[in-house]
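Structure, as structure tokens:
Side-chain atoms are counted along with the backbone in the values below, which use heavy atoms only and exclude waters and symmetry mates.
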Amino acid sequence: AKEGYIARCGDSEGVRQYLGYYDTPLEAYLAYREAKIAVAKELARKWEGQVDDRVIEALLKFEERLPTTL
């Protein structure tokens with residue numbers, strides 16, 4: 001069995017994606033954070049013009065809400 005920390009993240013369709021094994025919790029979190037930000041931007045592009053502009057703005061600024069450290 002592998003040792004370490006697993007990172008997973010749901011994609012824009014809600015399917016859980018495996019991001020990999022990492023040596024530290026911070027490395028795993030940063031991989032998760034990067035994937036989550038990408039999903040938020042993808043959702044913003046997908047729903048632009050179909051939902052309130054405030055929703056799109058919040059998705060595009062999602063990165064600001066996630067800390068860069070644990």
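Ile56 approaches Ala44 most closely through the heavy-atom pair CD1-O, 3.5 Å. Thr68 approaches Leu30 most closely through the heavy-atom pair O-CD2, 3.5 Å. Ala31 and Leu19 get closest at one heavy-atom pair: O-CD1, 3.7 Å. Of all the heavy atoms in Tyr32 and Ala7, the pair that sits closest is N-CB, 4.4 Å. Here the shortest heavy-atom pairing between Asp11 and Glu13 reads OD1-N, 2.9 Å.
Residues satisfying the side-chain hydrogen bond (donor to acceptor under 3.5 Å, both in side chains) criterion with Arg54, sequence neighbours excluded, are Asp52.
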Listing, residues 58-65 side-chain donor-acceptor contacts under 3.5 Å, not counting sequence neighbours, or none:
unit_1: Lys61; atom_1: NZ; unit_2: Glu57; atom_2: OE2; d: 3.2

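One hydrophobic cluster holds both Val39 and Val51 under the rule that ILVMFWY side chains link at heavy-atom gaps under 4.5 Å. With hydrophobic clusters built from ILVMFWY side chains whose heavy atoms lie under 4.5 angstrom apart, Ile37 shares a cluster with Leu26.
Residue Ser12 holds its OG atom at 9.0 Å from CD of Gln17, rounded to the nearest 0.5 Å. Interatomic distance, Arg33 CZ to Thr69 OG1, rounded to the nearest 0.5 Å: 9.5 Å.
When hydrophobic side chains of Ile, Leu, Val, Met, Phe, Trp and Tyr are connected at separations under 4.5 Å, Tyr5 ends up as a singleton with no cluster partners.
When the shell of 6.0 Å around CD of Glu27 is examined, it contains more than 12 heavy atoms from other residues, nucleotides or ligands.
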